[in-house]
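Here is the structure we will look at.
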Amino acid sequence: MTTRRAFLKRGAGLLAAGTGPLLPAPLFAAIADMPPELPEGARESAVLDALPGKLPLIKRTYRPPNYETPLAYFGEAFTPNNAFFVRYHLASIPEVNEADWRLRIGGEAATSPFELTLSQLKKDFEPFEVAAVCQCSGNRRGLFQPHVPGVEWGPGAMGNAKWRGARLRDVLAKAGIGKDAVEIAFDGADRPVIAQTPDFVKSIPAWKAMEESALIAWEMNGAPLPHWNGYPARIVVPGWTATYWVKHIVSINALAKPLSGFWMNPAYRIPKGKFPQVDRFVSQETDVNMPITEMVVNSLLTNPLPGQRIRRGTVLEVKGIAWDGGYGIYRVEVSTDGGRSWQASELGPEHGRYAFRLFSLRFTPGKSGKLAVMARAINRAGATQTFELIHNPAGYHHNVVQRVEVEIV
Ligand SMILES: Nc1nc2c(c(=O)[nH]1)N[C@H]1C(S)=C(S)[C@@H](COP(=O)(O)O)O[C@H]1N2
Ligand SMILES: [Mo]
């Protein structure tokens with residue numbers, strides 16, 4: 001068995017080796033070609049490191065563990081479990097043992113509270129599967145100019161997976177959820193290390209919990225959830241940012257009044273009226289701000305890489321992925337002349353309205369020199385990406401159109 005320490009050492013050694021033959025080439029590319037806009041600190045501190053059971057990911061912080069998926073894994077519509085990003089607020093993360101794990105469902109707006117074992121959760125409710133993007137609200141925060149405090153994520157604090165589990169609404173119905181339920185609150189098994197840190201508890205509006213695809217999921221891409229992604233079960237809220245997707249879920253409470261607490265307010269707030277966010281979380285709104293809800297439409301170029309040299313007269317395949325908060329991707333336009341003209345790309349198969357959608361466009365550069373490739377996604381609600389950063393203090397909803405400069409030689 002490889003110890004965690006050996007793992008870390010090996011990871012560090014590989015990086016120090018520079019052209020390290022042991023590390024798959026795409027991973028090196030992922031680090032070397034981190035967005036040039038990332039602040040120096042974030043680029044230099046980007047170390048590939050493997051948590052137990054995971055491939056080497058981009059380490060942002062070790063305690064609590066915050067690890068980002070390298071660009072190389074976004075070439076496919078589904079993100080492999082062992083390359084899926086990891087984000088925690090609290091550093092005490094128990095290894096949950098299936099035999100001891102219980103999920104308690106109750107709260108003041110539920111008449112029949114009860115407890116579930118994992119096998120009951122799997123057996124007693126009709127399973128449902130949904131492909132959905134799990135994206136941190138702060139994905140790409142590291143690209144904010146001026147910088148804002150928080151984990152300096154590049155573009156890889158996200159992933160797309162097939163989530164399988166029981167519908168929240170079925171489990172809540174069994175607990176006798178009442179009409180007075182305003183919010184459904186989630187708590188996971190992880191805990192703060194010091195008493196002063198508030199426990200991570202999140203809620204969603206009752207209407208959102210009642211949607212067909214809101215789940216208590218125990219499976220990810222056909223396998224049990226990895227420890228770091230919430231074993232044995234996590235909340236899945238398709239369309240909404242990952243802050244609500246509570247991992248290692250141990251209690252679900254139907255509340256008759258809004259949840260208070262640090263992670264609801266002041267955390268995870270956006271200024272009112274600045275973003276094209278459609279879903280409302282009315283019970284949590286204030287005069288000046290509101291909770292982040294659904295993801296804004298976005299895309300990521302996976303090919304070419306910044307600074308890549310491409311031979312004139314050869315075919316360049318511009319590739320990437322697009323996603324949004326659940327309206328579905330309608331079209332992705334690509335520019336190969338720095339934004340002067342745009343062409344519709346070819347979309348890959350649709351895996352449902354919450355999933356990554358691949359896009360590609362082939363073109364042959366005719367003259368040498370620098371060239372800027374860009375992509376902008378448009379969803380079925382007609383929303384598109386922004387060209388100018390919408391600044392906000394927490395660094396959320398970064399969906400600025402990317403510009404990847406390459407050199408034609
Ligand atoms: N128990 C627990 N669940 C949690 C969190 C956490 O700190 N603890 N962080 C949330 C946030 S902010 C994100 S971005 C996602 C990350 O999911 P992942 O680690 O599976 O990629 O988990 C969410 N669920
Ligand atoms: Mo997050």
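Just follow the structure's listing: the first ligand is 1, and inside any ligand the first atom is 1. No experiment lies behind these values; they were computed from the predicted model shown.
Contact record, I177 with I184: CD1-CD1, 3.7 Å, taken as the closest heavy-atom pair. The nearest pair of heavy atoms linking K208 to V237 is CE-CG1, 3.6 Å. Residues M374 and G338 come closest through the heavy atom pair SD-C, 3.3 Å.
For atom 23 (C) of ligand 1, the closest non-hydrogen atom of the protein is A242 O, 3.1 Å. Of the protein's heavy atoms, D190 OD2, 3.4 Å lies nearest to atom 2 (C) of ligand 1. Ranking the protein heavy atoms by distance from atom 21 (O) of ligand 1 puts F85 O, 2.7 Å first. Of the protein's non-hydrogen atoms, the one nearest atom 5 (C) of ligand 1 is F200 CE2, 3.4 Å. Counting protein heavy atoms only, atom 19 (O) of ligand 1 is closest to K247 NZ, 2.5 Å.
Each of the atoms 14 (S) of ligand 1 lies under 4.0 Å from some heavy atom of C136. The ligand atoms of ligand 1 that sit less than 4.0 angstrom from a heavy atom of W245 are 22 (O), 23 (C), 24 (N). Listed by number with element, the atoms of ligand 1 under 4.0 Å from a non-hydrogen atom of N229 are 18 (P), 19 (O), 20 (O), 21 (O). Close approach of ligand 1 to Y88 (heavy-atom distance below 4.0 Å) involves ligand atoms 7 (O). Under a 4.0 Å criterion applied to the non-hydrogen atoms of W228, ligand 1 contributes the atoms 19 (O).
When non-hydrogen atoms are compared, ligand 1 lies under 4.0 Å from the side chain of Y268 (C-beta onward) but not from its backbone.
Considering only non-hydrogen atoms, atom 20 (O) of ligand 1 lies nearest to R234 out of Q135, R87, R234.
Enclosure of atom CD in E388 is not indicated, since only 12 or fewer non-hydrogen atoms of other residues, nucleotides or ligands lie within 6.0 angstrom.
With ring centers used as reference points, W101 lies 6.0 Å or more from W218. Aromatic pair F356/H351: ring centres not closer than 6.0 Å.
Note on ligand 1: K202 sits outside its first shell, no heavy atom being nearer than 4.0 Å.
Between D279 and W240, the side chains place a donor N or O and an acceptor N or O closer than 3.5 Å (distance only, hydrogens not considered).
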Query raised in the report: Yes or no on salt bridge (charged side-chain N to carboxylate O under 4.0 Å, His left out) for K122 and E98, after CA distance, side-chain angles and deciding distance?
Result: CA-CA 13 Å; K122 291 180 182 174; E98 177 179 339; 5.2 Å; no

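Taking the six-membered ring where tryptophan is involved, the planes of F281 and Y244 are tilted, since the angle between them lies from 30° to 60°.
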